[in-house]
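To keep things clear, I will list the structure first and then write my remarks on it.
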Amino acid sequence: MAVTVNTSRLGLGMLRRLPAEARPLVRPGTVPTGIVHLGLGAFHRAHQAVYTEAAIGAAGGDWGIVAVAPRSTAMVEALTAQDNLFSVSALSAAGTSTRVVGALSGVRHAPSDPDAVVALLADPAVRVVTLTVTEKAYQLDPVTGQLSPDAALAADLAGGQPPSTVPGLLLRGLAARAAADAGPVALVSCDNLPANGRRLRGMLDQTVSRAVGVPGLVEWVTANVTCPGTMVDRIVPATTPETIEAARRALGVTDLAAVAAEPYAQWVIEDDFPAGRPGWEHAGAVLTADAGPWERLKLRSLNGVHSAAAYLGALAGRETIADALEIPHLTDVLRRLIAEDVAASFTPPDGVRVVDYGEQVLARFGNPAIRHRTLQVAMDGSQKLPQRVLHTIADLRAAGRSARWGALVVASWLRFALGYADDGRPLPFQDPLAGPIRAALAAGAQTPEGAVDAVFALREMIPVEVAEDDEVRADVITWLTALQRHGVEATLAGAR
Ligand code: CS2
């Protein structure tokens with residue numbers, strides 16, 4: 001990122017110079033570590049770190065976070081140079097408010113120092129491990145939930161040293177923790193996966209039972225590890241030079257770990273922590289026995305509609321989600337997707353009306369200060385579409401209902417995967433299944449029917465009950481044909 005650093009860097013020595021409202025809620029560097037977080041991305045910094053800092057500020061506790069970067073070094077270097085401090089700017093049409101967050105007690109880079117991460121996971125002071133590692137890092141088949149190890153995880157399972165995958169790190173860390181008798185721990189998935197706690201548990205159990213050289217670990221994990229499910233929500237676009245510039249204007253110092261986010265945030269957490277947890281409820285989180293209804297609400301309404309806006313917007317040449325919402329008729333179509341398909345597909349949490357939640361979501365997407373790129377939301381579709389749209393379709397069809405608007409989302413993803421926008425410009429396709437998807441489409445893309453059949457044969461993406469449903473197939477073909485012949489704008493204008 002090309003940023004000129006011509007002001008002082010954010011750091012402990014700079015805190016006194018910050019405007020009072022921009023200072024951390026805790027005294028940074030004084031809170032002992034109690035949490036290890038895997039995944040040092042913008043979402044963690046703007047979500048769990050913010051909640052945890054507010055919880056420590058309100059209720060105390062030794063819950064400083066050591067955040068681990070599983071891949072890149074850039075954020076580790078930036079935060080190390082800033083005494084683990086970073087700022088979050090909340091952006092809205094009404095203006096920006098920026099505050100420095102003091103929740104991090106350390107940062108580590110897993111690839112260059114895996115032993116340090118393993119040692120942390122085995123430290124009795126660490127009682128909670130949170131994860132934001134994205135859907136694909138779980139290495140689970142999204143349809144069957146079975147572990148499908150790549151070569152790196154296969155090496156980790158075989159006892160290859162040092163571990164290089166997320167499941168491998170957890171495996172070695174928990175083996176060391178069991179050996180050190182360091183006590184129970186909660187592993188908390190904060191990724192946008194359905195039943196993310198159960199998925200993490202499934203990943204862990206399969207990893208541990210297939211691993212070589214860890215006798216007794218299955219039993220130890222069963223007795224000592226919980227995996228509470230969560231629903232996490234905050235729109236946090238990738239950081240850009242403008243984010244850093246906004247932080248500099250607000251703080252008067254340079255923050256190369258700055259994040260920008262919408263003002264809204266929500267966190268629903270299943271309360272199953274065998275060795276304690278921060279008082280997150282004091283920071284506005286909802287602690288519950290079952291996050292499932294919240295998770296379905298959020299994945300199907302917010303994320304499903306987000307993906308729809310991203311694919312249709314990218315095809316229509318719109319750069320951001322807020323720009324996409326300006327496409328004539330798009331919000332009407334998204335409202336029908338919410339009211340006719342999403343709301344009819346599941347039972348929401350008590351007291352929540354899906355259409356009201358959907359209106360709030362559309363208002364959040366329209367926030368003009370958030371420049372969330374359609375191409376960012378569009379990536380990794382094979383990992384996202386099952387929980388965001390395909391489960392909606394499957395549940396509607398099982399109840400004997402049509403799923404026409406869900407079929408539109410699938411068709412728009414498919415047209416996006418075919419690689420060209422309405423104006424003929426090529427579209428980038430980033431997806432862990434890019435190879436198989438592109439191969440299927442190369443073989444079948446001559447007609448809309450061929451393209452749909454080719455993709456519906458991808459068992460690792462499309463649940464069998466959706467793939468074998470003739471009405472869904474026909475609906476996706478109808479939408480894809482319209483999108484290819486007439487483009488997004490005319491298709492939406494003609495949508496009934
Ligand atoms: C988005 C999410 O990039 C995406 O796929 O749909 O990251 C979304 O912004 C968050 O889930 C909001 O909580």
Side-chain angles (χ1 to χ4, degrees), residues 39 41-51 88 90-92 130-138 142 189-194 196 229-240 243 259-269 284-286 291 294-314 318-325 334 337-338 342 357-358 360-367 369-392 409 412-413 416-417 428-433 461:
F43 186 73
H44 169 68
R45 307 204 296 286
H47 190 276
Q48 301 96 55
V50 170
Y51 275 95
V88 177
L91 312 180
S92 72
T130 51
L131 292 91
T132 52
V133 289
T134 79
E135 294 88 341
K136 55 194 171 220
Y138 290 73
S189 169
C190 302
D191 282 300
N192 273 316
L193 291 162
N196 57 9
T230 64
M231 181 271 251
V232 291
D233 192 9
R234 188 168 197 183
I235 294 174
V236 186
T239 294
T240 62
T243 318
V259 278
E262 65 174 336
Y264 180 95
Q266 193 177 26
W267 198 7
V268 180
I269 310 165
V286 173
W294 290 102
E295 223 169 50
R296 282 186 284 281
L297 174 73
K298 196 257 172 170
L299 286 168
R300 294 182 185 198
S301 321
L302 186 142
N303 294 113
V305 174
H306 221 189
S307 290
Y311 295 121
L312 292 163
R318 307 299 163 114
E319 194 189 342
T320 69
I321 296 289
D323 298 340
L325 291 198
L334 297 178
L337 167 65
I338 295 163
V342 174
Y357 180 88
Q360 191 189 27
V361 161
L362 291 174
R364 290 167 58 195
F365 290 173
N367 182 343
I370 295 283
R371 300 201 46 80
H372 203 185
R373 292 171 61 246
T374 49
L375 291 178
Q376 189 190 349
V377 180
M379 64 189 254
D380 294 349
S382 72
Q383 313 294 297
K384 293 174 175 175
L385 249 48
Q387 58 270 21
R388 294 179 179 208
V389 180
L390 299 170
H391 295 170
T392 306
V409 189
S412 56
W413 168 77
F416 180 85
F429 190 62
Q430 280 190 51
D431 195 297
L433 288 185
M461 174 173 178

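When a ligand or atom number is given, it counts from 1 through the structure's own listing order. Nothing fancy with the numbering, it's 1 onward along the sequence.
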Using side-chain heavy atoms (C-beta onward) and a distance below 4.5 Å, is [X] in contact with [Y]?
X: R364; Y: I235; result: yes
X: Y311; Y: L385; result: yes
X: E262; Y: H372; result: no

[X]: numbered ligand 1 atoms lying under 4.0 Å from its heavy atoms:
X: V377; answer: 3 (O), 4 (C), 5 (O), 6 (O)
X: H372; answer: 9 (O)
X: R234; answer: 12 (C), 13 (O)

Does only the side chain of R388 get under 4.0 Å from ligand 1, or the backbone, or both, or neither? Count heavy atoms. side chain

So which bit of K384 gets within less than 4.0 Å of ligand 1, heavy atoms only: side chain, backbone, both or neither? side chain

[atom]: nearest protein contact (heavy atom, Å):
atom: atom 13 (O) of ligand 1; answer: D233 OD1, 2.5 Å
atom: atom 11 (O) of ligand 1; answer: K298 NZ, 2.6 Å
atom: atom 2 (C) of ligand 1; answer: N303 ND2, 3.6 Å
atom: atom 7 (O) of ligand 1; answer: N192 ND2, 4.3 Å
atom: atom 1 (C) of ligand 1; answer: H306 ND1, 3.2 Å

Side-chain H-bond candidate by donor/acceptor type, D191 with Y138, under 3.5 Å: yes

Can you confirm whether the side chains of K298 and N192 place a donor and an acceptor under 3.5 Å from each other? yes

Can you classify the ring geometry of H306 versus F365 as parallel (below 30°), tilted (30 to 60°) or perpendicular (above 60°)? parallel

If you measure from each heavy atom of M379 to ligand 1, is any distance below 4.0 Å? no

Do the side chain of K384 and the main chain of N303 share a donor and acceptor less than 3.5 angstrom apart? no

Short question: side chain of T230, backbone of S189 - any donor-acceptor pair under 3.5 Å? yes

